[in-house]
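Reading through the structure tokens given below for one structure.
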Amino acid sequence: MIDIKLIREKNEIVKEALRKRGENQEILDEILEIDERRRKLLTQLNQLRAKRNDLSKLVAKLKAQKEEEKSREIIEKSKNVSNEIKILEETLRKLESELKAKLLYIPNIPDGSVPVGEDESKNVEVKKWGKPKEFDFEPKAHWDFADKNWLDFERAAKLSGSRFVILKNKIAKLERALINFMLDLHTKEHGYMEVMLPHLVKRDTITWTGQLPKFEEELYNTQPDDLFLIPTAEVPLVALHANEILNEADLPLKYVAYTPCYRREAGSYGKDIRGMIRQHQFDKIELVKFTKPEESFEELEKLLNDAEEVLKRLKLPYRVVNLCTGDLGFAAAKTYDIEVWLPSYNTYREISSCSNVTDFQARRGNIRYRRKDNKIEFVHTLNGSGLAVGRTLIAILENYQQKDGTVIVPEVLRPYMDGLEVLE
RNA sequence: GGAGAGGUGGCCGAGCGGCCGAAGGCGCUUGCCUGCUAAGCAAGUGUGGGUUUAUACCCACCGUGGGUUCAAAUCCCACCCUCUCCGCCA
């Protein structure tokens, strides 16, 4: 959520931000109009409430002085004021919920360093690491390994429908190895605290992080309790400190969590049908930070480095792009995507997304911190995949494959695979 | 699922329907003091909103939403959450 004062006082900035994102700007005028009515009403209401308070005090005084008649007179007056207040309060409640509802649909303001553009073609490559391997044979796509009894798409479909996969044998173990490798790296070397989280969360929780109310069709909802399966560990991690006031000395807080992620992929019917690039359920290691506002962009660079390090250790070629305004997520002020090289696509594909959300989620979830001078302020939140495990598995299969159909196990994973060097 | 207890400021904790935005303690900030640190002394210290150039003034908030009342942290109702005991269970 953005600050209503920003809409009120710096309307042009917000309008420009929406335009760059390719979003409708009319909602701003609607918000301003409601806000104005609300403030007028509030002033009127506060005057009446002040009057009632005065009258009540007067009653107390008169009663103490045994001035029964006079007090009865004041009570009558006060009753009328109270009735008026009740009516205005009802109207105010309606206006405020209308306003809140609209504000929840406004995306975050992109940072100045974000390139302007309407879609992903305008994303800017900021760095590249490693070189795609030249194969002296026709490399297989990861789904072609299905005949090895590693990936089972057919039976997954039998159980759950399309966009599910079953990992078997050494591949199941490789998935687990990746999870442990990533968690170890981030906890032991990058200073994140490991957290095991609930995968079902309340409607409020997921509203704080911004997926609701706008993107409900992307989420799995469970009945009768109205709990949602998390689309990313970012949701419960960020919500950890909702409605809390943190200590400045404790910042930045850094968390890492492994969870499966559940997504309905409602808007992507034709996309990535083959293989396990786009699944309704996938494993992910997620990094989340809570920082002071003045440090958040610096921390974003560090977060990006922490995620990149996973690919460096796995020796997988990748590049980093700075997402343009049109490609930026709803809550993000700035996002770097890390894209790994996939021979089957002959291109780089997203494997991590690292964002500075600034105070957008902090405002929604009321996450604040107390400065040394006792002032209270919203924190900034950041999140990034470190990394998407399923896609990392794909990248290993495709980049480490050999002519005979076997796959080399990246060195850093061997300790997690009982020393296994080759998948056969 | 059944029975009971409870939700008050950053934290702990008190609070006869009006003088309660709320005692006291801890913490925090500043100053004093003492070789340093700790302790001690003194002062300050809730959040959000509205009007305003400013000073300032006003309003709301004691889990949430209703109700009673001239007036609610305090009384009533509903809901949510936490804890304890019993049942069930990995």
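Residue numbers begin at 1 in each chain, while the letters A, B, ... track the order of the sequences. Values in this document were obtained by computation on a predicted structure and should not be read as measured data.
Taking atom P on both nucleotides, B:rA22 is separated from B:rC61 by 14 Å, rounded to a whole Å. Here, B:rC26 and B:rG17 have their C1' atoms 31 Å apart, quoted to the whole Å. Taking atom P in both B:rG7 and B:rC76, the straight-line distance is 14 Å, to the nearest Å. The same atom, P, is picked in B:rU47 and in B:rA23; the two are 15 Å apart, to the nearest Å. Rounded to a whole angstrom, the distance from the C1' atom of B:rU74 to that of B:rU55 is 37 Å. Between B:rG13 and B:rC86, the distance separating the two P atoms is 25 Å to the nearest Å. Only the P atoms considered, B:rU37 is 15 Å distant from B:rC28, to the nearest whole Å. Atom C1' of B:rA71 sits at a distance of 13 Å from the matching atom of B:rC20, rounded to the whole Å.
In this entry B:rC57 has B:rG50 as its Watson-Crick or G-U wobble partner, both defining distances falling under 3.5 Å. B:rG40 is paired with B:rC32 under the Watson-Crick or G-U wobble criterion, all donor-acceptor distances under 3.5 Å. B:rA71 is unpaired under the Watson-Crick or G-U wobble criterion, no partner having all donor-acceptor distances under 3.5 Å. Across all strands shown, B:rC88 has no partner, as no Watson-Crick or G-U wobble contact with both distances under 3.5 Å is found. Pairing partner, B:rC83: B:rG4, with both Watson-Crick or wobble hydrogen-bond distances short of 3.5 Å. The partner of B:rG17, taking Watson-Crick or G-U wobble pairs whose two distances both stay under 3.5 Å, does not exist in any strand shown. Under the Watson-Crick or G-U wobble criterion, with both distances below 3.5 Å, B:rC11 is paired with B:rG25.
Base engagement by A:S56 is indicated by at least one non-hydrogen atom pair under 4.0 Å involving a base atom. Nucleic acid contact for A:L55: none, since no nucleic acid atom lies under 4.0 Å from a heavy atom of the residue. Backbone-only contact: A:R93 has heavy atoms under 4.0 Å from sugar-phosphate atoms and none from a base. Using a 4.0 Å heavy-atom distance criterion, A:N374 is classed as a base contact. Backbone-only engagement by A:R39 is indicated by non-hydrogen atom pairs under 4.0 Å involving sugar-phosphate atoms exclusively. No engagement by A:R37 is indicated, since no non-hydrogen atom pair under 4.0 Å with the nucleic acid exists. Nucleic acid contact class of A:K57 (heavy atoms, under 4.0 Å, all strands): none. Counting any heavy atom pair closer than 4.0 Å across all strands shown, A:K51 reaches no nucleic acid atom. Nucleic acid contact class of A:R72 (heavy atoms, under 4.0 Å, all strands): none. Looking at heavy-atom distances under 4.0 Å, A:I376 makes contact with sugar-phosphate atoms alone, never a base. Across all strands, A:N53 comes closer than 4.0 Å only to sugar-phosphate atoms, never to a base (heavy-atom distances).
Atom-to-atom, CD of A:E244 to C1' of B:rU47 comes out at 16 Å; the value is rounded to the nearest Å. Remark: P of B:rU51 and CG of A:N46 are 10 Å apart, rounded to the nearest angstrom. Computed from coordinates, the A:R370 CZ to B:rC26 C1' distance equals 13 Å when rounded to whole Å. Remark: C1' of B:rG50 and NZ of A:K5 are 10 Å apart, rounded to the nearest angstrom. Separating the CD1 atom of A:I34 from the P atom of B:rG50 is a distance of 16 Å, rounded to the nearest angstrom. The CD1 atom of A:I74 sits 20 Å away from the P atom of B:rG18 (whole-angstrom rounding). In this structure, A:L88 places its CG atom 13 Å from C1' of B:rC59, rounding to the nearest Å. Straight-line distance from the CZ atom of A:R49 to the P atom of B:rC70: 19 Å, rounded to whole Å.
Salt bridge annotation for A:K173-A:D418: present, with a cationic side-chain nitrogen under 4.0 angstrom from a carboxylate oxygen. Ion pairing of A:E377 with A:R371 is present here, as a side-chain N (NZ or NE/NH1/NH2) and a carboxylate O approach within less than 4.0 Å.
Along RNA chain B, the nucleotide nearest to A:D54 and the one nearest to A:E90 differ in position, and the one closer to the 5' end is contacted by A:D54. In terms of position on RNA chain B, the residue among A:V59 and A:L42 whose nearest nucleotide sits closer to the 5' end is A:L42.
Of the side-chain N and O atoms in A:K79, one or more sit less than 4.0 angstrom from OP1 or OP2 of B:rC70. An OP1 or OP2 oxygen of B:rG50 is reached within less than 4.0 angstrom by a side-chain nitrogen or oxygen of A:R8. A close approach under 4.0 Å does occur between a side-chain nitrogen or oxygen of A:K86 and OP1 or OP2 of B:rU68.
Of the possible donor and acceptor atoms, one in the side chain of A:T232 sits under 3.5 Å from a partner among the backbone N and O of A:E234. A:N399 contributes a side-chain N or O that, together with a main-chain N or O of A:A395, makes up a donor-acceptor pair within less than 3.5 Å. Under a 3.5 Å cut-off, the side chain of A:Q401 and the backbone N or O of A:E398 do form a donor-acceptor pair.
A:Y220 and A:H199 have their aromatic ring centers separated by at least 6.0 angstrom.
Aromatic ring orientation, A:H190 versus A:Y192: perpendicular (interplanar angle above 60°, classes split at 30° and 60°).
The nucleotide whose nearest atom lies closest to any side-chain atom of A:R368 is, among B:rU51, B:rU47, B:rA60, B:rU47. The nucleotide whose nearest atom lies closest to any side-chain atom of A:T43 is, among B:rU51, B:rG10, B:rC70, B:rU51. Nearest to the side-chain atoms of A:A50 among the listed nucleotides B:rG10, B:rG50, B:rC58 stands B:rC58.
A cation-pi arrangement, defined by a distance under 6.0 Å to the six-membered ring centre and an angle within 45 degrees of its axis, is present between A:K140 and A:F145.
Counting heavy-atom neighbours within 6.0 Å of A:K70 NZ, excluding the residue itself, gives a total of 12 or less.
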